[in-house]
Amino acid sequence: HQTNISKDEL
Amino acid sequence: MNIFRLLGDLSHLLAIIILLVKIWKTRSCAGISGKSQILFAVVYTSRYLDLINAFISPYNTIMKIVFLAASYGTIYLMYMKFKATYDVNHDTFRIEFLIAPAAVLALIVNHAFEPLEILWTFSIYLESVAILPQLFLVSKTGEAESITSHYLFMLGSYRALYIFNWIYRYYAENHYDLIAIVAGIVQTVLYCDFFYLYITKVLKGKKLQLPA
């Protein structure tokens, strides 16, 4: 699911 | 993690350090927009609330704490310790005209209508325009100290490098986040005029003078 990717970014 | 994002984070960290060093060494925050620093503190606070409930990596946690501490520390230096040197007459951008639209847009365009997701989306939208008061201040004063322009170059480069990170992640991990990408492109585009001046002037040892 695409949203979890940017949650590991600052 | 990939090289683009690592370089981007380091560029971001360097920008924040340059700013703190500039204010601390010159004991002055002349030419720096306090409004932009307030917006950055709001961005980090609304984005890094997941420090409480989500652990991603030591690097991620440490960097979030550093960014939060540095942004509040800068506000303390600007509005308290070196308040006398704060350029209140030129730092007049109405930040409510940035915060309100970012908040409204975050309620409309988001990945999920949940508190942490809305706050994250708000922080992404707000960050894309958070530098406007600073660029507005530089255009009003017509110039910037060279250390301030180095700060701005590093800060602008961080999100430009993140764009390469998103391209890499699209091809390498088949993942992407349109909200972050669109806002990141807007944020980087806002620096283009400054990047041009920085590369054509500051790197040649001239002062950053905006055409009046």
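Naming: A, B, ... by sequence-line order, numbering from 1 per chain.
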Query raised in the report: Applying a criterion of heavy atom separation less than 4.5 Å, what residues of residues 11-44 of chain B form contacts with chain A?
Result: none
Query - Part of B:Asn60 within contact of chain A (heavy atom distance under 4.5 Å) - result: both
Report summary line: To the nearest 0.5 Å, atom NE2 of B:His175 lies from atom CG of A:Asp8 at 9.0 Å
Query - Trace of the side-chain contact (heavy atoms from CB on, under 4.5 Å) decision for A:Glu9 with B:Ile56 - result: CA-CA 9 Å; A:Glu9 293 179 349; B:Ile56 290 156; over 6 Å; no
Query raised in the report: Is it true that atom CG of B:Asn174 has more than 12 heavy atoms of other residues, nucleotides or ligands lying nearer than 6.0 Å?
Result: no
Report task. For B:Phe55, look at atom CZ and say whether over 12 heavy atoms of other residues, nucleotides or ligands are found less than 6.0 Å away. Result -> yes
Query raised in the report: Is the closest side-chain heavy-atom distance between B:Arg47 and A:Lys7 below 4.5 Å?
Result: no
**Report entry** Segment of B:Asn165 engaging chain A (4.5 angstrom heavy-atom cut-off)
**Finding:** side chain
Query - Minimum heavy-atom distance A:Leu10-B:Tyr48, with the two atoms named - result: C-OH, 3.4 Å
Query - B:Phe136 atom CZ: more than 12 heavy-atom contacts under 6.0 Å - result: yes
Query raised in the report: Are more than 12 heavy atoms from other residues, nucleotides or ligands located less than 6.0 Å from atom OH of B:Tyr168?
Result: no
